[in-house]
Amino acid sequence: MTEATGIVGEFFSLKEETDAELLAMQCGDFYEFFAEDAETVAAELDLKVSQKSSHGSSYPMAGVPVDDLTPYLKALVERGYRVAVADQYETDSGHAREIVRVVTPGTLLETSDADAQYLAAVVAGTDTNGNGNGTASGSDDYGLAFADVTTGRFLVATADDADEALTELYRFDPVEVLPGPDARTDDDLLHTVRERIDATLTLHETEAFAPKRAAHGVRDQFGSETTDRLSVDDAAIAAAGAVLDYVEETGAGVLASMTRIQAHHGDDHVTLDATTQRNLELTETMQGDSEGSLFRTIDHTETSAGGRLLKEWLQRPRRSLEVLERRQESVAALSSAALARDELQDRLGEAYDLARLASKATHGSADARDLLSVRDTLAVLPALAETIESTPELAESPLSEIVARPDREAAADLRETLADALAEEPPSTVTQGGLFRTGYDPELDEVIERHEAVEEWLETLADREKSAHGLSHVTVDRNKTDGYYIQVGKSAADGVPDHYEEIKTLKNSKRFTTEELEEKEREILRLEEQRGDLEYDLFEELRETVADRAELLQDVGRALATVDALASLATHAAENRWVQPELHRDDRLEIDQGRHPVVEQTTEFVPNDVAMDEDRGFLVVTGPNMSGKSTYMRQVACIVLLAQIGSFVPANDAEIGLVDGIFTRVGALDELAQGRSTFMVEMSELSNILHTATEESLVILDEVGRGTATYDGISIAWAATEYLHNEVRAKTLFATHYHELTGLAEELPRVANVHVAADEQDGDVTFLRTVRDGPTDRSYGIHVADLAGVPDPVVDRARGVLARLREEKAIEAKGGGSSDPVQTVFDLSSGQFRGEASADGGDPDGDTETLDTETRTVIEDIESVDVAETTPVELLSKVQEWQERLESE
Ligand code: ADP
Ligand code: MG
């Protein structure tokens, strides 16, 4: 880089002060990017690059108008850049520039996205009772903090290990993550954050994570009792401290909107690991679309805050019977009081995002229209309360307490203040006046009055001049260069009085000014400035009043969001004939005519029952391919999950014992189709379930073990079943195509078989989608092969092979015509070809020397087939090919 001076030099030296990738530097009415930054920005945002010459060198330059910076910043940050913003300000000797903010994904305030936008920190725990040297040790606790600068929400959590930390990260889905000093060396964690969560990783200075400094910062922000009250690990406090420090450092100016810190832990917690959230398609489908997810399906919220809350409920189900039954009561009341619910939703439709507005007010970016939105949204709360109180069912439900919780009086006061202050249609700029009602401020009223009087004087001047001096064609106007002027048509221009002073001659007219007009001009400019300044000061004061009430606004916002989320659950329940499940503190799981909440939307769904309890805690689910096993199991998991957010469920009747965790694992083969998983991943997730699930968990295993060779797979499935049944004792549903597992029902007392029934008539298979007790009696693969048009001889032979496999656990490969001697035998018990001839002769040593070449190559082919990796249909066609090759000998 050449030594640059002047404006470009200033750009380079500011750039050195920041670790941001890009710098937007204000130069008058534009924010400019120079040099490489200009090229990057131009390429990303389709801007024009010009050249700026500075002392003999030339630099690329790209700029955006000052008022348009926000959308550009947003676009850059969404593409993963950190952008520093340097503002220009006046000094005695000209002007200076200073970096005022660094905008990053997690500190972007200008979002229009309804989703929460979390900034997270994750800190690996240190050994507090061990060697005491304060460095990372054997302890594998993690502390996490999550802040949404757009709403002021702030949460801390502790995780027992890296997996759980990831689960929490996945749950909150942050846009930016600050790994603590120790977490930085955890490649797995970082990789997952980058790839799966798609968050920007930012290495914030390590001192910010130092326990003492962090605790100090947290107490400063949330009060001196905070660290004791929260009773979370030091690691969580370190994470919280680092987040606060980072928000402050980036200059987002929203610290004041963070009024409350909450810990997210305890008995009430239901484990829902990242894999399970994905398998159950909670917020997005396996393909990554939000359409078709459980959330989208049940979301009927009216406000973005309500939507965020409902999503949070889904991602964080509860176990507390009290909490859930209270939600149920509200949902029940709302679902029967349809008219009142409509009314509430209509009102909610008028609400804006109060938490976001509070954050904008504290940051100082709220304009007059934002404050009007606050005013209007504050009016929604009493309206809701009125509807609730005048509807007996609702009045008796917990809803009346939800709307009574915020300080209604304070809310009404604030609303009144805003209503008295703000004009009905204020401009979006806050520096040019027009923001306030008359009567709000006497001084302002006076200035406005004088301003209007001068305006009036100017407006009527032309008429006065006309009649006073007998002039025609007179207009009074103002422009930038001439200021105010009296314009007289050419024909009359010679007759103007002497005190008219000519300032300009145009083609058809002349412009004049007078002493009086100049004086009025000075007066109006002075008044305009005075009015703008005064209104701006008053507005800042008003905005600060609102910012001071950030906590109140958050309370009101939360109440509105809660009513919205509950009304949404009620709407969905009413529209889809869902029922209120009975919740219990035991092991039962009885679902009568249950449906899958998402699949039922698009399919003529066949309902199914589930019956599980203490003595029947493990169901082996069998049935043909595509019969509905996976759907059945997911339906069970979704129903339990819905019950544990307080929702009604898709069933005729349900009794649900609350679980402490839901774990699902889909076999690698199904997942491979999505290009996601490997057998290794399948096994490490199985391992996680076997370690983490408890007696009170719900475990769903779908074709686990299928990702490896048959014998490996059966063995793993078998052993996992025994372990889950004997040691973990979790409520489990295990779908498997290993028919062998159905035998376990006889050995293990709590295991039962169920199957998804299919009907067969004249060789046609009809899927009934009905789940019945007992194992499937056979594999339908051969029927599928038949249906697919595989030639009859092959299908017939396959039936024969299957029968022999069942009876004798061995099958001989036929050579030549049906009466030809058997030449090789596949032995199921050893899993190998015995390469030996049959009883009626041949070569007992399997010496292939005596065989002809074609037969030998067929045998080699047979030996090279990986049975576990070959589908039955492929295998059948291979058998057919071998037969043909042997026949043609
Ligand atoms: P499997 O896991 O047994 O191979 P799936 O659960 O993947 O089968 O279901 C196969 C297809 O059948 C899916 O398209 C699914 O939507 C449909 N299906 C499953 N269960 C039902 C049901 N109870 N009612 C209607 N359609 C169903
Ligand atoms: Mg399946």
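Indexing begins at 1, ligand by ligand and atom by atom, following the structure's order.
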For ligand 1, which atoms have a heavy atom of [X] less than 4.0 angstrom away?
X: Thr631; result: 5 (P), 6 (O), 9 (O), 15 (C), 19 (C), 20 (N)
X: Ser630; result: 1 (P), 2 (O), 6 (O)
X: Glu604; result: 25 (C)
X: Val599; result: 16 (O)

Identified salt bridge (charged side-chain N to carboxylate O under 4.0 Å, His left out) partner of Glu696 from the options Lys731, Arg729, Arg319: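 Testing each of Lys731, Arg729, Arg319 against Glu696, the sole residue satisfying salt bridge (charged side-chain N to carboxylate O under 4.0 Å, His left out) is Arg319.
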Closest to atom 10 (C) of ligand 1 among Met626, Met633, Glu600, Arg595 (heavy-atom distance):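 That would be Met626.
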Side chain, backbone, both or neither: Pro624 near ligand 1, heavy atoms under 4.0 Å: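 Near ligand 1, Pro624 shows its backbone, while the atoms from C-beta on stay back.
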Parallel, tilted or perpendicular, as decided by the 30° and 60° cut-offs, for the rings of His596 and Phe605: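 Ring orientation of Phe605 relative to His596: tilted.
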Can you see whether [X] engages [Y] through a side-chain donor-acceptor pair at a distance of less than 3.5 angstrom?
X: His572; Y: Asn576; result: yes
X: Thr571; Y: Gln345; result: yes
X: Ser630; Y: Asp702; result: yes
X: Thr276; Y: Asp273; result: yes

Greater than 12 external heavy atoms within 6.0 Å of Glu575's CD: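 Result for CD/Glu575: enclosed.
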Ser627-ligand 1 polar pair, N/O distance under 3.5 Å: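 Ser627 vs ligand 1: N/O contact under 3.5 Å present.
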Polar atom proximity, Tyr632 to ligand 1 (N or O, under 3.5 Å):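 So ligand 1 has no N or O lying under 3.5 Å from an N or O of Tyr632.
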Backbone or side-chain N/O/S of Ser630 under 2.8 Å of the Mg ion (ligand 2):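 True for Ser630.
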